[in-house]
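Here is the structure we will look at, set down as C-alpha cells.
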Amino acid sequence: MPPKLYSSIFPSIFFLSLIFLFLYSTFLPLYTNNDSSSLPTNKFLPSSSPPCNLFKGHWVLNSTKGKPFYDDTCPFHRNAWNCLKNKRDNMGIINSWKWVPKDCKLERVDPWRFLGLMRNRNIGFVGDSLNENFLVSFLCILRVADEGAKKWKKKGAWRGAYFPKYNVTVAYHRAVLLAKYKWNPKQSVVSDEDELKGISRVDVDILADEWSSIANFYHVLVFNTGHWWGYDKFPKETPLVFYRHGRPISPPLGLLDGFKVVLENMVHHIQKEVPKSTLKFWRLQSPRHFNGGDWNQNGSCLFDRPLEEDQLDLWFDPSNNGVNKEARTLNHLIKEAVQGTDIRLLDLTHLSEFRADAHPAIWLGKKDAVSIWGQDCMHWCLPGLPDTWVDILVQLIHNSFETG
C-alpha cells in the first residue's frame with residue numbers, strides 16, 4: 001500500500017475504533033443489568049422490605065398438612081391435654097388447620113436440625129400452666145429426634161427433659177405470678193360480717209423460688225404470667241396483698257396495678273441478672289374461649305371450627321366486657337413493661353384467638369373432671385395449636401442464632 005494512502009486511512013480507522021469502544025462501554029451495562037435481574041442475588045443483599053411478621057395471617061384448612069410429630073404415647077403428655085387418648089372429637093380436623101402468615105413463610109420445625117443447632121444449650125420456660133402446655137408440645141416434638149430423652153426436674157423445674165444425643169435440656173419452671181407469693185390464712189375473726197378468709201401475700205420485688213437460680217443455666221428463656229391475675233383466682237375473701245421491701249404497699253394496690261408493679265420488678269431483674277447473650281422472649285397471653293359464662297359458671301367451648309376474623313373483637317375486645325377480655329388487657333401492660341429492653345415479644349395471641357375449636361373442652365380424661373372444674377376452654381389439646389407455637393418459636397431462635 002502506498003505510504004500516502006496508509007497515512008490517510010489509519011486516522012479514520014482509529015477514530016471509528018474509539019467511537020465503537022465508547023458505544024460498547026455505554027450500552028453493555030444496560031444489557032448486563034437486564035440479564036442479572038433474573039439471578040437469585042436478593043437473598044445475599046440487604047432487603048428493603050419490612051421484617052417478616054409471623055404473628056399476623058390466617059388459618060387455612062389443609063388436607064395435605066403433615067401429620068403431627070407425636071401421638072398419645074408421648075411420655076411427656078399431661079393427661080388432661082392428651083386429647084387423642086381422651087378421644088376428643090375432630091382431632092383430625094383440629095390438626096389439619098395451618099397458620100399462614102401474611103407475606104411470610106412459616107417453616108415446620110425440623111427436630112433434628114433444631115437440636116443440632118441447640119447442641120450444648122438449654123431452653124427454659126417460666127410462668128403458668130399455659131407455658132407448661134407449650135413445653136409439653138415442644139418436648140413431644142423434639143423427642144422424635146432423640147428417643148432416649150429423659151425426664152428432668154432439677155434447678156427448681158416443675159418438669160422437663162434432657163436430650164442426651166445433643167446435650168440439650170428443655171424445662172418448665174412453675175411460677176404463676178413470677179413474683180414470690182404465699183397464702184396467709186386469717187388469724188382471727190373480726191366480725192361475723194367479715195368475709196375475709198386470708199390473703200395471698202405477693203412480694204413484688206422477690207422472685208418465686210422456682211426460678212430464682214436459673215439465670216446462668218439457660219440460653220433461651222420464655223416468660224409468661226397472666227392467667228392467675230383475675231378475681232376468679234383471687235376473690236375478695238382471699239385477695240392478693242402486695243408487699244415491697246417486706247412491708248405492705250400503701251395505699252393498697254388493686255389487681256391490675258399490682259400486676260404492673262410485679263411486671264416492672266421482674267423485667268428489671270431479668271435485665272440486670274440474666275446474661276445479655278441469653279435470648280429472652282415474653283409470650284403474650286393465650287386467649288380463652290369460654291362461651292356463655294366463665295370456667296366456674298358453666299362456660300363452654302364445643303366448637304367445630306375456628307372463629308372468623310370479624311368475630312374476634314366481639315369475643316376479646318375489653319370494651320365489650322366479655323369473660324375472655326383479660327388477654328388483650330394484660331397484653332397492653334406487658335408491652336409497656338418490656339418496651340426498651342432486649343426481651344422480645346412472642347405475640348401468639350392473635351393467631352390463637354381464632355382457635356375456639358382446639359381446647360380439651362369436656363374431654364379431660366376423668367369422668368368427674370367437668371363436674372368439678374368445668375370445661376377446659378383455656379388450655380389446648382395436644383397435638384394441636386401449641387405445635388404451631390413451637391414452629392414460630394423455633395424459627396425465631398434459628399433466625400437469631402444462625403445470624404449471630
Side-chain angles (χ1 to χ4, degrees), residues 53-61 81 94 97-102 106 127-131 133-134 176 222-234 254-260 263 281-339 344-361 374-381 384-389 392-393:
N53 185 346
L54 297 171
F55 308 124
K56 298 297 182 182
H58 61 281
W59 290 94
V60 296
L61 189 59
W81 309 332
I94 286 172
W97 289 94
K98 181 179 180 180
W99 178 247
V100 181
K102 183 180 179 181
L106 176 60
D128 59 34
S129 59
L130 271 299
N131 255 8
N133 208 178
F134 198 171
V176 297
V222 182
F223 298 95
N224 99 290
T225 186
H227 286 286
W228 281 65
W229 293 87
Y231 291 106
D232 58 323
K233 296 288 188 183
F234 299 101
L255 204 62
L256 285 183
D257 286 332
F259 180 70
K260 289 173 62 176
L263 285 178
F281 294 95
W282 199 293
R283 181 183 60 73
L284 294 183
Q285 291 303 98
S286 171
R288 312 180 313 158
H289 289 93
F290 289 100
N291 184 41
D294 213 328
W295 66 273
N296 54 355
Q297 300 168 334
N298 297 317
S300 175
C301 51
L302 297 176
F303 298 91
D304 60 6
R305 64 180 294 112
L307 299 176
E308 300 292 338
E309 183 145 16
D310 60 7
Q311 295 177 279
L312 299 185
D313 284 348
L314 181 64
W315 274 75
F316 302 107
D317 192 316
S319 65
N320 292 322
N321 204 32
V323 298
N324 306 291
K325 65 183 179 182
E326 99 286 342
R328 295 189 184 183
T329 300
L330 298 182
N331 279 355
H332 176 72
L333 300 177
I334 293 168
K335 290 175 182 178
E336 286 185 343
V338 303
Q339 188 174 10
R344 307 183 187 194
L345 289 174
L346 189 59
D347 189 358
L348 303 175
T349 305
H350 177 66
L351 68 92
S352 304
E353 286 181 342
F354 292 90
R355 298 307 304 273
D357 60 314
H359 297 283
Q375 293 189 31
D376 188 350
C377 305
M378 179 170 69
H379 300 99
W380 304 96
C381 278
L385 173 66
D387 300 346
T388 297
W389 296 359
I392 291 174
L393 177 61

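Contact of the Gln285 side chain with the Thr329 side chain is not registered, since no non-hydrogen atoms from C-beta on lie closer than 4.5 Å. Lys335 is listed as a side-chain neighbour of Leu345, based on a closest heavy-atom distance under 4.5 Å. No side-chain heavy atom of Lys98 sits less than 4.5 Å from a side-chain heavy atom of Leu106. Using a 4.5 Å heavy-atom threshold, the side chains of Trp380 and Trp389 count as touching. By the 4.5 Å heavy-atom criterion applied to side chains, Thr225 and Phe259 are counted as neighbours. Residues Phe134 and Leu393 meet the side-chain proximity criterion, which asks for heavy atoms closer than 4.5 Å. A 4.5 Å side-chain heavy-atom check between Thr388 and Trp59 finds at least one atom pair inside the cut-off. Residues Lys233 and Trp228 are in side-chain contact: their nearest non-hydrogen atoms beyond the backbone lie under 4.5 Å apart.
For the atom pair SG (Cys301) and CH2 (Trp295), the distance works out to 14.0 Å, reported to the nearest 0.5 Å. The line from CG of Leu307 to CD of Glu353 is 9.0 Å long, rounded to the nearest 0.5 Å. To the nearest 0.5 Å, atoms CD1 (Ile334) and CG (Asp347) are separated by 10.0 Å. In this structure, the separation between CG on Leu263 and CG on Leu256 is 10.5 Å, given to the nearest 0.5 Å. In this structure, the separation between CG on Asn324 and SG on Cys377 is 8.5 Å, given to the nearest 0.5 Å. To the nearest 0.5 Å, atom CG of residue Leu346 and atom CD1 of residue Ile392 are 7.5 Å apart.
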As a quick check of understanding, evaluate side-chain contact (heavy atoms from CB on, under 4.5 Å) for His332 and Glu336, giving each step before the final call. CA-CA 6 Å; His332 176 72; Glu336 286 185 343; 3.3 Å; yes
Test Trp99 against Leu385 for side-chain contact (heavy atoms from CB on, under 4.5 Å), laying out the working first. CA-CA 9 Å; Trp99 178 247; Leu385 173 66; over 6 Å; no
Check the pair Glu326, His227 against side-chain contact (heavy atoms from CB on, under 4.5 Å), reporting the backbone distance first and the verdict last. CA-CA 8 Å; Glu326 99 286 342; His227 286 286; 3.9 Å; yes
Is there a side-chain contact (heavy atoms from CB on, under 4.5 Å) between Ser129 and His379? Walk through the geometry before answering. CA-CA 8 Å; Ser129 59; His379 300 99; 2.7 Å; yes
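Listed for the Asp387 side chain is a donor-acceptor partner under 3.5 Å among the backbone atoms of Gly384. For Asp376 (side chain) and His359 (main-chain N/O), no donor-acceptor pair under 3.5 Å exists by modelled atom type. No donor-acceptor pair closer than 3.5 Å links the side chain of Asn133 to the backbone N or O of Pro386. Using a distance-only test at 3.5 Å, with no hydrogens or angles considered, no donor-acceptor pair links the side chain of Arg288 to the main chain of Ala327.
Residues passing the side chain to side chain contact (heavy atoms under 4.5 Å, CB included) test with Leu302 are Ser300, Ala361, Ile362, Trp363, Gln375, sequence neighbours excluded.
Minimum interatomic distance between His350 and Leu312 (heavy atoms only, all atoms of both residues): CE1-CD1, 3.8 Å. Considering every non-hydrogen atom in both Phe55 and Asn53, the closest pair reads N-OD1, 2.9 Å. In plain terms, the two heavy atoms of Asn224 and Trp282 that are nearest each other are CA-NE1, 3.9 Å.
Crowding of Lys102 atom NZ: a count of heavy atoms from other residues, nucleotides or ligands under 6.0 Å not exceeding 12. A 6.0 Å sphere centred on CG of Asp317 holds more than 12 heavy atoms belonging to other residues, nucleotides or ligands.
Under the 6.0 Å cut-off for aromatic ring centres, Phe316 and His289 qualify, their centroids lying closer than that.
Listed by first then second residue, pairs satisfying side-chain hydrogen bond (donor to acceptor under 3.5 Å, both in side chains) with a partner in residues 303-316 read Asp313-Arg328, not counting sequence neighbours.
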